[in-house]
Amino acid sequence: MIIMYEEPKDKEAFDKHYYNVHVPLGRKIPNILKDSVHRIVDSQNTDLNPYLITVLEFENIEKLTEAFSSTEAKEAEADGPNLFQYLNKPPIIMIVE
């Protein structure tokens with residue numbers, strides 16, 4: 001799973017909430033084999049203004065589906081509006097193989 005956030009309207013508040021609240025909630029989601037966060041330093045050939053990419057790795061799509069029906073995932077999802085208030089639009093979420 002790849003989650004891409006475009007540049008926030010308030011970078012400082014976004015970063016504070018993302019790293020201090022949202023990431024710790026996300027790391028409680030079961031079945032995640034590996035997670036990583038990458039700050040975008042340059043992008044080309046796009047009209048988007050990417051800021052941050054989060055990658056969550058799962059063994060397979062079944063484990064991902066199971067993870068996102070968990071209580072922990074629902075708690076992280078419930079925090080979304082608290083994080084999204086610092087963005088101009090919601091993040092792009094991609095499920096990849």
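Side-chain atoms of P30 and E72, non-hydrogen and from C-beta on, do get closer than 4.5 Å to each other.
H22 approaches A76 most closely through the heavy-atom pair CE1-O, 3.2 Å. When all heavy atoms of P50 and M4 are compared, the pair lying nearest together is CB-SD, 3.9 Å. Considering all non-hydrogen atoms of both residues, P24 and Y19 come closest at CD-O, 3.4 Å. The shortest non-hydrogen separation linking F68 to A73 is CA-CB, 3.6 Å.
Atom CD of residue E59 and atom CG of residue L64 lie 12.0 Å apart, to the nearest 0.5 angstrom. Here the straight-line distance linking atom CG of L56 with atom CZ of R27 works out to 9.5 Å at 0.5 Å rounding. Taking CD of E57 as the start and CD1 of I2 as the end, the distance is 9.5 Å to the nearest 0.5 Å. Separating the OH atom in Y51 from the CG atom in D15 is a distance of 3.5 Å, to the nearest 0.5 Å.
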### Query
Run the side-chain contact (heavy atoms from CB on, under 4.5 Å) check on I32 and F58 step by step: do they pass?
CA-CA 5 Å; I32 296 175; F58 296 86; 3.6 Å; yes

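Under the 4.5 Å side-chain heavy-atom criterion for ILVMFWY residues, no single connected hydrophobic cluster contains both Y5 and V21. A chain of hydrophobic side-chain contacts below 4.5 Å, direct or via other Ile, Leu, Val, Met, Phe, Trp or Tyr residues, connects F84 to M1.
Judged purely by atom type and a 3.5 angstrom limit, K74 uses its side chain to pair as donor or acceptor with the backbone of S69. At least one donor-acceptor pair closer than 3.5 Å links the side chain of N31 to the backbone N or O of K63.
Annotation: E77, atom CD; neighbour count of heavy atoms from other residues, nucleotides and ligands within 6.0 Å does not exceed 12.
Paired with V37 under the rule side chain to side chain contact (heavy atoms under 4.5 Å, CB included), one option of I3, L52, V55, I53 passes, and it is L52.
Between the side chains of D79 and H17, at least one donor N or O lies within less than 3.5 Å of an accepting N or O.
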Side-chain donor-acceptor contacts of residues 87-97 below 3.5 Å, not counting sequence neighbours, with atom names and distances?
from: K89; atom 1: NZ; to: E6; atom 2: OE2; distance (Å): 3.1

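Take Y86 and apply the ring pair (Phe, Tyr, Trp, His ring centres under 6.0 Å) test, not counting sequence neighbours, and it matches no residue.
Using a cutoff of 4.0 Å between basic side-chain nitrogens and carboxylate oxygens, D10 and K16 are not scored as salt-bridged.
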